[in-house]
Student: 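Before we start, here is the structure in question, set down as structure tokens.
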Amino acid sequence: MTPLLPLALCAALGLACYAPATLAAAPKPATLAIVHAKVVTMDKSLHVHDDGTIIIDGGNIVAIGPAGLEKAYAAAQTIDAGGNIAMPGMINTHNHIAMMAFRGLGEYRSDDRLRKFFFPLESRMLSRHLINVASRQAAMELAVNGVTTVADMYYHEDEVAKAVRDVGIRGVLGETVMNFPVVDAPEPYGGFQYAIDFVKQFKGDPLITPAFAPHAPYSVSPQMLAKVQQAAEQYDVPVLMHVAEPPDEWERVKTKFPEAAHFDNELDYLDSTGILSPRLLAAHVLRADARDIALFKARDVGIAHNPKANTKGHGGLSPALEMMHAGLGVGLGTDGPLSGNQMDIVSVMGYAKRVANIRHPETTTYKPPELVAMATIGGARALKMDDRIGSLEVGKAADVILLDTHSLNMQPLYDVYAAIVYQANARDIYTTIVNGRVVARDGKVLTVDLDKQRQAWDQVTHEVAEFARTLNY
Ligand SMILES: [Zn+2]
């Protein structure tokens with residue numbers, strides 16, 4: 001078949017030109033074409049297009065296939081990936097991004113850092129303004145690191161939402177509900193009403209999924225857990241909660257809430273409140289035996305695995321491997337900047353494998369594609385968003401990152417999954433696209449007034465540093 005040339009070009013070449021009606025279909029509209037990418041789809045069959053094309057229209061992927069596919073589309077913008085990797089944006093399933101304002105403080109002692117250092121710091125320094133500025137700063141770092149969705153639990157979550165939306169990444173953002181006064185709720189459990197208002201304000205936003213965030217089993221009564229669950233059902237939103245984190249959690253629960261003493265086991269107690277449901281993303285879960293895992297599975301609870309923060313904080317290591325093998329949705333997280341420090345998910349993949357090998361010295365733990373899955377589609381499953389994000393498939397949201405395969409550390413490139421897990425670092429990610437929009441390129445966020453943010457950030461961190469010095473920690 002004679003290749004079809006544009007009529008004008010073919011006339012200019014003096015050729016006899018014709019365009020049979022069947023082949024002359026008008027190119028379909030598209031906003032963005034990514035061409036010549038090694039497309040790691042993370043779909044069910046783990047399909048990789050070696051020289052692949054992704055066509056995006058608006059916020060969605062409308063076609064994926066081999067080189068040349070773009071010819072059927074009139075894309076407004078084309079990115080030539082030059083053989084680099086295109087993969088789904090990574091999902092950070094547990095964070096407290098506003099704590100970016102406190103990163104790197106109080107790192108010399110670990111004895112009761114939370115109570116003696118961090119709580120005074122939080123109660124003195126937290127404000128709407130700090131939460132907004134620090135969240136924007138963190139969201140920028142997430143964006144350049146290839147994180148396109150972050151799950152977050154904190155206060156004034158409406159400010160977190162505005163910051164995340166400004167940067168243009170996705171947020172599943174939970175307003176904290178707990179039994180003592182906090183910055184945005186002077187009454188115990190005041191966060192519950194705040195959360196309802198927040199959910200109403202942001203429900204339906206294209207990037208923000210508002211959520212309830214009961215802090216932990218030891219800081220929220222069974223009656224309040226039941227109310228949160230009811231409200232989450234009513235407004236059809238997720239629930240984010242820390243579960244099985246401190247070693248004495250179950251003892252603390254029984255001391256605080258006497259009704260818990262009727263149960264032999266923490267998870268049975270939690271189940272009695274209704275909070276264990278497909279809506280729940282349980283962060284950490286450092287202890288879960290086979291029976292607990294079966295209950296999580298029966299209730300279809302999602303899990304956020306934070307191995308770097310957990311080992312840094314002496315928490316130990318979650319049985320995430322067992323939970324993944326049981327078929328639970330398990331994603332990776334960093335936890336907040338105070339405990340997780342690094343906000344990228346690239347480095348968490350290889351770390352998860354290394355520490356799993358220490359926990360299971362006798363067996364094979366994760367294979368590279370399983371770790372890439374935890375960073376992408378596994379996180380989406382944990383958040384029950386796998387119908388929208390987590391893999392590159394037609395009809396899904398266009399959350400795509402490009403990763404440079406020509407850097408020294410990415411060579412040689414024999415196995416794409418092994419290279420992503422063990423060779424890549426976050427700096428190799430050079431383009432981040434969320435909902436069809438390029439939000440970061442070459443280490444810079446394109447969506448934010450950087451000078452304005454820098455000024456606000458310098459002011460906030462200067463004030464934090466001054467007060468932190470008075471704590472003598
Ligand atoms: Zn946390």
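No experiment lies behind these values; they were computed from the predicted model shown. Atoms within each ligand, like the ligands themselves, are counted from 1 in listed order.
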Student: Using ring centroids (six-membered ring only for Trp), state whether Tyr194 and Phe198 fall under 6.0 Å.
Tutor: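 That pair fails the under 6.0 Å test.
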
Student: If waters are left out, how many protein N/O/S atoms lie within less than 2.8 Å of the Zn ion (ligand 1)?
Tutor: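 Counting protein N, O and S atoms closer than 2.8 Å to the Zn ion (ligand 1) gives 4.
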
Student: How many angstroms lie between atom OH of Tyr154 and atom OG1 of Thr176, to the nearest 0.5 angstrom?
Tutor: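 That separation rounds to 8.5 Å.
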
Student: If we check side-chain contact (heavy atoms from CB on, under 4.5 Å) with Asp335, which of these qualifies: His284, Met99, Lys312, Lys308?
Tutor: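 For Asp335, the side-chain contact (heavy atoms from CB on, under 4.5 Å) test succeeds with only one of His284, Met99, Lys312, Lys308, which is His284.
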
Student: Hey, do the aromatic rings of His242 and His96 have their centres closer than 6.0 Å?
Tutor: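 Yes, the ring centres sit under 6.0 Å apart.
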
Student: Quick one: list whatever passes side chain to side chain contact (heavy atoms under 4.5 Å, CB included) with Ala37, sequence neighbours left out.
Tutor: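 For Ala37, the residues satisfying side chain to side chain contact (heavy atoms under 4.5 Å, CB included) (neighbours in sequence not counted) are Ile34, Val39, Ala81, Ala86.
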
Student: Picking from Thr334, Asp344, Thr148, what satisfies side chain to side chain donor-acceptor pair (under 3.5 Å) with Asn92?
Tutor: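 Of Thr334, Asp344, Thr148, side chain to side chain donor-acceptor pair (under 3.5 Å) with Asn92 is met by Thr334 alone.
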
